[in-house]
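Contents: one structure, followed by commentary.
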There are 2 protein chains.
Amino acid sequence: MPFTRVEVAVLSLLEGQLCVLLIKRKEAPHKGLWGLPGGVLRIDLDATLEGAAQRVAQERLGAKLPYLKQLIAVGSKTRDPRSPWALSVVYRALIPITSIEPLPGKRIEAIRWAPAHEFDVDQKLAFDHQALARSALAATKIEIDELKLPVGFLPDTFTLTELQTLCEQLAGRALDKSSFRRKLKDRMMVEPVEGKFVGGANRPALLHRLKPNLD
Amino acid sequence: MPFTRVEVAVLSLLEGQLCVLLIKRKEAPHKGLWGLPGGVLRIDLDATLEGAAQRVAQERLGAKLPYLKQLIAVGSKTRDPRSPWALSVVYRALIPITSIEPLPGKRIEAIRWAPAHEFDVDQKLAFDHQALARSALAATKIEIDELKLPVGFLPDTFTLTELQTLCEQLAGRALDKSSFRRKLKDRMMVEPVEGKFVGGANRPALLHRLKPNLD
DNA sequence: TCAAAAGTGTTTGGGTTACACCCATGG
DNA sequence: CCATGGGTGTAACCCAAACACTTTTGA
C-alpha cells in the first residue's frame, strides 16, 4: 500500500494579492526548503479523508480551516524519497483577510505567504509542491473568473462595499456598484443580517452574510 | 497505510441514453451485487495513479480506455469491509458509441450498461458505488450542459451531422444546424480530415476530427 | 433531379455593462 | 451639508438562438 499523505494549499488575500501559505521544513527530506503544509494519513485517527485534512491543518497550523475543497490526488513512485510509492490528496482552504496568521509549530521552522506571481517562475519547493501550489492557484483563479463569490475569503458578516472591494481585488478591475448589487440581488447570493450595522461619518452599512448552498 | 484502490466509471451513449458500465461481482464481499469495475493499486506495477487506472481497465475490461479523468478520491473507515480504512481514487472514462462492449473476465460474472435514470432511485450496488456512479454522472452532465464537446464518445473521425446528432442526444433537444456549425467554426473546435468522405445517395459529408487541446 | 451536405445572411431576444441619477442616514 | 450606503431606470452592447435561404455534390 502506498505512503499516503494529505497536503493543504491555504490561500488568502494579503494586501490585494492572492497568496499561498508555505512552511519551511525543519526535517529531512528537503530540510530548509519551503513547501505546503501536510501530514500522513492516520487510519487510527482519521474517520475520512476530509477529516484527515482538517486534523493536519489543526496540528500544523493551529487553526481550523473551513471551506476545505479536495482538488486532486497525485501518486507515483518518485514523488517522495521516503517511500517507494507516495500518494497525496491535495486540499485547498480559503481563509479570510482578517484571520490571524498561524504560528510555526510542529516540524515547521517558519511560515510565509507567497504571492501568486511567485509561482510563475520556477522556485525550489519541497517534493512536487510547486506543481501542486500552481494547480491550486489555477483552480482558484478559474473560480474567480467565473465570478463565484469568494466564500472563505470573507468574515462571517461583511458590508456590501467590503464584498465589492474584495471582488475588485480578486478580479483586478473596478466593478460598477449598481450592477454588482443588482447581480447579488437577482441571484440571491447574500442576505442581510438582523439589525446590525457599522458606523462612520456617514450612513451606516448593513451587514450581510452569504446565503448557504451557492452552487 | 490505507487499502488503496482505483475505480473506473465507464460511460457511453447507448441508444441515445447515457449509461454507466456495471459489473456483477464474482467474489465476496458483495458477491452477486453490481458495482463499478476497479482494482487494487499495485505499487510494484503502477508508475502513477492514472497508470493504475489504465491497468485496471485493461485487466478487468480488456480494453484500453482513452480520456481517463480523475474525479475524486474518497476514503473512510467504513467503505470496504475488507479493510479498516479504504481509499479509492475514482476515474471516469468516456468511450465511443461504436465501441464493442468489453467481455466479462477476471472476477466478473457479467456486465451491464445501466442508464443514467436508474441512478435517480436507490439501488443496491456494491460498497459506495451508487454514490460514486451518481457523482460521475453528475460531473458528466455538467460538462454536457456547458456544451463541451463529447470527447471520448466519438470515434476518431466523424461527420458534422453525426456530431450534431450526438450532441442533440446528450442535450436532449434539437439544435439548429447553422448555429451549431457556426459555433464549431468560430471556436475552431474541429478540423476536416484530409480528403476522405463517406457516401450515400446524396452529397458526401466531409470527415472531421476534434482539434487537440480543447480546454 | 433529388436528397443531404455545407454555408450565408438577417432578425430577434436575453443578459450584462455602463452611466446617470435618485433618496436615506448619521456625523 | 457632506460622504457614503442603498437603490432605480435606461440605453448600449454583445452574443447566441432562430429562421430563411443558397449553393454544392454524388448517386
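Quick note: numbers below take in every heavy atom, side chains included, and nothing from hydrogens, waters or symmetry partners. Order of the sequence lines sets the chain letters (A, B, ...), proteins ahead of strands, with each chain counted from 1.
The side chain of B:R187 places an N or O atom within less than 4.0 Å of a non-bridging phosphate oxygen (OP1 or OP2) of D:dA16.
Separating the CD atom of A:E162 from the C1' atom of D:dT4 is a distance of 13 Å, rounded to the nearest angstrom. Here the P atom of nucleotide D:dC15 and the CZ atom of B:F180 are 20 Å apart, to the nearest Å. If you measure from atom CZ of B:F158 to atom C1' of C:dA5, you get 16 Å, rounded to the nearest angstrom. Note: NZ (A:K183) to C1' (C:dA18) measures 13 Å, nearest angstrom. Distance NE2 (B:H208) to C1' (C:dG7): 12 Å, rounded to an integer number of Å. Rounded to an integer number of Å, the gap from A:L163 CG to D:dG6 P is 11 Å. Remark: C1' of D:dA17 and CG of B:L175 are 10 Å apart, rounded to the nearest angstrom. As rounded to whole Å, 8 Å separates atom C1' of C:dA6 from atom CG of B:L206.
Proximity note for A:R181 (side chain, C-beta onward) versus D:dG6, C:dA5, C:dT8: the nearest is D:dG6. Of the candidate nucleotides C:dA18, C:dA3, D:dG6, C:dA18 has the atom lying nearest to any side-chain atom of A:D176. Among D:dG9, C:dA4, C:dG26, the nucleotide with an atom closest to any side-chain atom of B:N202 is C:dA4.
Both A:K185 and A:P204 lie close to DNA chain D; mapped to their nearest nucleotides by heavy-atom distance, the more 5′-ward contact belongs to A:P204. Along DNA chain C, the nucleotide nearest to A:K177 and the one nearest to B:L160 differ in position, and the one closer to the 5' end is contacted by B:L160.
For the residue pair A:Q54 and A:Q58, no side-chain donor N or O sits within less than 3.5 Å of a side-chain acceptor on the partner. Checked by atom type, the side-chain pair B:T161/B:R181 shows a donor-acceptor distance below 3.5 Å.
Within 3.5 Å, no donor on the side chain of A:R182 pairs with an acceptor on the base of C:dG15, nor the reverse. No donor-acceptor contact under 3.5 Å links the side chain of B:R203 to the base of C:dA4. Looking at B:S179, its side chain has no donor and acceptor atom pair within 3.5 Å of the base of D:dA16.
Under the 4.0 Å criterion applied to side-chain N and carboxylate O atoms, A:E143 and A:R92 are assigned as salt-bridge partners. Using a 4.0 Å cut-off between a side-chain N of Lys or Arg and a carboxylate O of Asp or Glu, A:D176 and A:R182 do not qualify as a salt bridge.
As judged by a 4.0 angstrom heavy-atom cut-off over every strand, B:T159 is placed among residues making no nucleic acid contact.
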- [ ] List the steps and the verdict of side chain to side chain contact (heavy atoms under 4.5 Å, CB included) for B:W113 and B:V10.
- [x] CA-CA 9 Å; B:W113 289 100; B:V10 182; 4.1 Å; yes

